[in-house]
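See below for the structure under consideration.
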Number of protein chains: 2
Amino acid sequence: MSTLDGPEHTPVPPPILNPAGGANQVRVRAYNERLVLSLVRLYGALSKADIARRSGLSAQTVSVIMRVLEKEGLLSRGEPVRGRVGQPSIPMHINPDAVYSFGLKMGRRSADLVLMDFVGRIRMQLHRTYAYPLPDEILAFVISGIRELEERLDDKQRCRIAGLGIAAPFELWNWAEEVGAPAGAMEVWREIDLQADIASRVSHPVFMQNDATSACGAELVFGVGPSYPDFVYFFIGSFIGGGIVLNSAIFSGRTGTAGAIGPLPVRGKNGETKQLLEIASIFVLENMLRERGIDPEPLWYSADDWVDFGEPMEAWIQDSAKALAQAIVAAASILDFSAAVIDGGFPSWVRSRVVQATIDEAAKLDLQGVVMPEIIEGAVGAQARAIGGASLPIFARYLTDQNVLFKEVDHAERT
Amino acid sequence: MSTLDGPEHTPVPPPILNPAGGANQVRVRAYNERLVLSLVRLYGALSKADIARRSGLSAQTVSVIMRVLEKEGLLSRGEPVRGRVGQPSIPMHINPDAVYSFGLKMGRRSADLVLMDFVGRIRMQLHRTYAYPLPDEILAFVISGIRELEERLDDKQRCRIAGLGIAAPFELWNWAEEVGAPAGAMEVWREIDLQADIASRVSHPVFMQNDATSACGAELVFGVGPSYPDFVYFFIGSFIGGGIVLNSAIFSGRTGTAGAIGPLPVRGKNGETKQLLEIASIFVLENMLRERGIDPEPLWYSADDWVDFGEPMEAWIQDSAKALAQAIVAAASILDFSAAVIDGGFPSWVRSRVVQATIDEAAKLDLQGVVMPEIIEGAVGAQARAIGGASLPIFARYLTDQNVLFKEVDHAERT
DNA sequence: AATTAATAATTCAATTGGATTTATTTATTG
DNA sequence: CAATAAATAAATCCAATTGAATTATTAATT
C-alpha cells in the first residue's frame, strides 16, 4: 500500500505536556475510597449495596472499604431501612463531625474566618471590616482567629482539622483607586505571598484559590452543582468575579483566570463599551449611595444588614442585570452551559431581584441560535467564598473531583 | 459544638449524575496500555525507560506492557541509540500499519471517504461533489467506497480496520435555503439516523461526531494539540463551525454543541448584528462570486483547485477576519485559551491570509483586561474533518483522552 | 590494546495488595 | 418455609512493585 499524497501535516513544536501518570493498586484503593465518600456525600446517604451498584465495584470491595471508613469515623450508619424483601439495608452517611476545616475569605472591604464541618455547614465564624486590607492586619486576624476558634474545640476535635483554605481576589493592588485606598497603600500586596506567610505561622496545611472561583466551587459542591453538570457562575462582591464548571468540575484554566469574567466587554446604558466589573459590582452601588448622601457602611458589615436603599439600589440592579444578561449570552455562544448561576455578598432578597431582572433583560436580547442556559440563583449565599475556601483542604484529602477516573469516551458507537 | 446559624443552604433537586465508576486491576492494565501507546504517539518514539520515567510506572511494568504491545504488532522497535554511557536504548514507535480506520466527511457540497493509518496519515481517499446531499446517495457512496478501498487491501490489512468514523454537520435541514437546495429537499434528513443506517450495512463499528468538532479533534491529535493544552478552533467550511479543547481534551458539552460558534453574535461591517456564520462561511464567498458572474465550482472540487478569485475573495477575507477577531475576543473573555486555531476547506495560502488578516483585525479591538490567545493556523488542513472522523474508532479502542486518570488537584498546597 | 569501573537499559523472580469470585450467613417479606 | 436481598468470609486472581541479575555500552586506567 503506497502513501497517497494527502494534505501534509506541517511540523509542530514538541509536546509541552506531561500526561497523567500510570495507575497501580495503591492509587486504585485511594481512588475507590474517595469515590465511595464522594458518592455518599453526593446522595446524602447510601447503603453498601447502593454504592456497589453505583460504582460498579463488587459488593465485597465496597463492604471492606466502607467498614474502614466507618472505623475511621468518616461514615456513620443510619437506621436500617425495612419494608422490602431481604435483609434491611443500612444507609451510611457522612459524619459531619469527622472533619473540620478553616476557610478564610479576604476581600477589599472585609474578611471572614469560618470553621466548616464535613458536610459544608458553618459551625463558627468571625468577621472583620476595614477600609482596605493590609497584610499585617489580615495575618493577625487569621492567626488570632484560628487560635480563638480552636480554643472552643476539645482536643479530639482539634485533631480533625484538615487545614485552612484561603479565598482571595486576584491582583489586589489593581483597583486601589476604585476601593478608595490611599495611593500606594495597596502596593505592598505585590510582594506578599499570603499563602506562604500564613503557612509558616499555622500548623495546618494551607491552600489558596481565587475568591470567585472558590465561591463557584462551593456552589458546585454544596449548592446547585449536583443538578447542573456545567454552569457559568457569577459572584457579585465588592468586585464581580466568576467561575466555570464543566463536567461537574471547576475549570480554572491555564492561567487560573478562566471565568474571571470581570473584564468581559458589555454595552453600557449609553451605548458605550464598558467592562462588566464597572457596572455589576457592589463598589459601584457604594459610590451611588455616597453620591446621594446615603451611608454605605451597612453594605459591608454583614449581608443581612442590608436595608432597601431605594432608588439608587433599584438603578444599580437594573444596570447590573443588563450587563449580566449580555455576559450570559456571550458565554452561552461559546459553551452550552446548562445554567448561569448568580450569587453575591448580599441578602437573598437582593439576589432574587437581581436574577429576576437578569432573566427579563436576557429575554430582550437577540437569542437566535444560542442555546440559552437557565438563569438561576445560587443556593449557597453570601458566605460562598469562605465555604469554598474551607472546602479546599477537605477535597484535597478526602474527596474526588467528579469523573476524572476512567472517563468514558463520549462518542456513541454502534455496530 | 452548636450549629451557628450561618446562611442556610436552600434545598436543591436530586443529583443527575452518575459519577465515574470504580477502579480495578483489569481497568488499570487497560488504562496503562493506552497510556503507553498514547505517550509513544505523542512523542513519536520512546524507549521503555523513557516511558517508565514519563508515566511514573516501574521499569518492569512498562517492560511487560511494551513487550505485549510489540507482540501484538502495535509497536515496533527502532535502531538502538548509542553514544551515551550504558546499554543503548531501543526507541519504540507506533507501527503505522498496525491499525487502519475509515473516515467519512459528509458536507453540504461534497463528501470524502478516507482510509487513515495508525499515525494519522491518509493512505487512500475518494471524493464526491453534489449540489446538496441526499441520504441515499451518501449511503451508496459510503458502502461502495468502503468496498472499493477494501479491495485494494490484502486480508491481513482488512482485519486491522478499527472502524468508520463519520463527521457530519448539525441539523442539515436548516440552512437549506443558503445552500441553494430546492425547498423541502433537505427535510428528509430530519428523520434519518445516518449512523444507524450505515452501521447496519457495514461490518465495522461506526462512530459519529459533528464535523467541526471532528476537525478540532484532528487538530488536537495530529496538529497543534500537543503544543497547546487549550484552544478554540474554527473550521471554515461551506458553513463555519468550531470546537473547544480544554486540558488537551475535546470538550463537546452537554448537548454536543459546545464550540459550535456559528451563531455567535458579531457586529457586521455596517454596524448591524449578524451571526458569525453569515459572514465567515465559504457559501458567502460562493454567493459573492456568483453575483459577479464568476464560476464558484472550483471551490468544491478540491481545496487545491482554488485559484485567486481576486477582489471578491479579498473582500470576503477581510469581512471574515473582522468577524473572527470579534469571536476570538468573546471567547477569550470567558476562558483563557492559549490559542485560537483557524483552519478550513481551502488551500493553505488562503488560510495564511485569513489568519494574518484576523491578527490585524484583533489588534484594532479593545483588549483591555482580556488575556488574548495566540492566533495561529491549523496544521492539519482541508481534510481535518475526515481525519478527525477516522480517528474516532482508533481513539475509542487504542488511545486515551489525555489526563483523565488520577488527575492532580490543581490547588497548590503549602505546609 | 587490554582491563576495569561506572552507568544505564532491560529482564527475571518473588512479593505485595486490592479486587473479584464463590459460598455462607443474616434478616426480612409473603 | 421459600424467596429475596444485604452483608460478610475465605479463597483466588492479577497487575504492579521490589530487588537482584544480566547485558551493553562509555570512560578511565594500566
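Keep in mind it's a predicted model, so treat the numbers as computed, not measured. Chain naming here is simple, since letters A, B, ... match the order of the sequence lines and numbering starts at 1 in each.
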Does a side chain donor of either B/Ser338 or B/Asp230 reach within less than 3.5 Å of an acceptor in the other side chain?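 Yes - a donor-acceptor pair under 3.5 Å links their side chains.
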
Under 6.0 Å from the ring centre and within 45 degrees of the ring axis: does the NZ or CZ of B/Arg34 meet both conditions for the six-membered ring of B/Tyr398?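 No.
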
Over how many whole Å does the gap from [X] atom [atom1] to [N] atom [atom2] extend?
| X | N | atom1 | atom2 | value |
| --- | --- | --- | --- | --- |
| B/Ile90 | C/dT10 | CD1 | C1' | 9 Å |
| B/Ile65 | C/dT11 | CD1 | P | 13 Å |
| B/Gln87 | D/dT26 | CD | C1' | 13 Å |
| B/Leu69 | C/dT10 | CG | C1' | 16 Å |
| A/Arg29 | C/dT20 | CZ | C1' | 13 Å |
| B/Leu57 | D/dC14 | CG | C1' | 16 Å |
| B/Met92 | C/dT10 | CE | C1' | 12 Å |
| B/Leu46 | C/dA9 | CG | C1' | 14 Å |

Determine, for B/Arg123 against B/Asp97, whether the closest basic-nitrogen to carboxylate-oxygen distance falls under 4.0 angstrom.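 Judged by the 4.0 Å cut-off on N to carboxylate O distance, B/Arg123 and B/Asp97 do form a salt bridge.
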
Check ion pair B/Arg160-B/Asp154 (N to O, under 4.0 angstrom):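 Here B/Arg160 does not pair with B/Asp154 in a salt bridge, since their nearest N and O are not under 4.0 Å apart.
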
At under 4.0 Å, does any side-chain N or O of [X] touch on OP1 or OP2 of [N]?
| X | N | value |
| --- | --- | --- |
| B/Asn32 | D/dA16 | yes |
| A/Arg53 | D/dA6 | yes |
| B/Arg67 | C/dA9 | no |
| A/Lys48 | D/dT8 | yes |
| A/Ser63 | D/dA7 | no |
| B/Arg84 | C/dT7 | no |

When you measure from the side chain of A/Val28, which nucleotide among D/dT8, C/dG18, C/dT10 comes out closest?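 Shortest atom-to-atom distance from the side chain points to C/dG18.
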
What's the closest nucleotide to the side chain of B/Gln60 if the choices are C/dG18, D/dT8, C/dT11?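 Closest nucleotide to the B/Gln60 side chain: C/dT11.
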
Give a yes or no on whether the backbone of B/Val206 and the side-chain of B/Gln195 come within a donor-acceptor separation of less than 3.5 Å.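 The answer is yes, because a donor-acceptor pair under 3.5 Å joins these two groups.
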
Can you work out whether A/Pro80 or A/Ser58 has the more 5'-proximal nearest nucleotide on DNA chain C?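 Taking each residue's closest nucleotide, the earlier one in sequence belongs to A/Ser58.
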
Answer with base, sugar-phosphate or nothing: what part of the nucleic acid does A/Ser89 contact at a heavy-atom distance below 4.0 Å?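 Sugar-phosphate, backbone atoms only, no base.
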
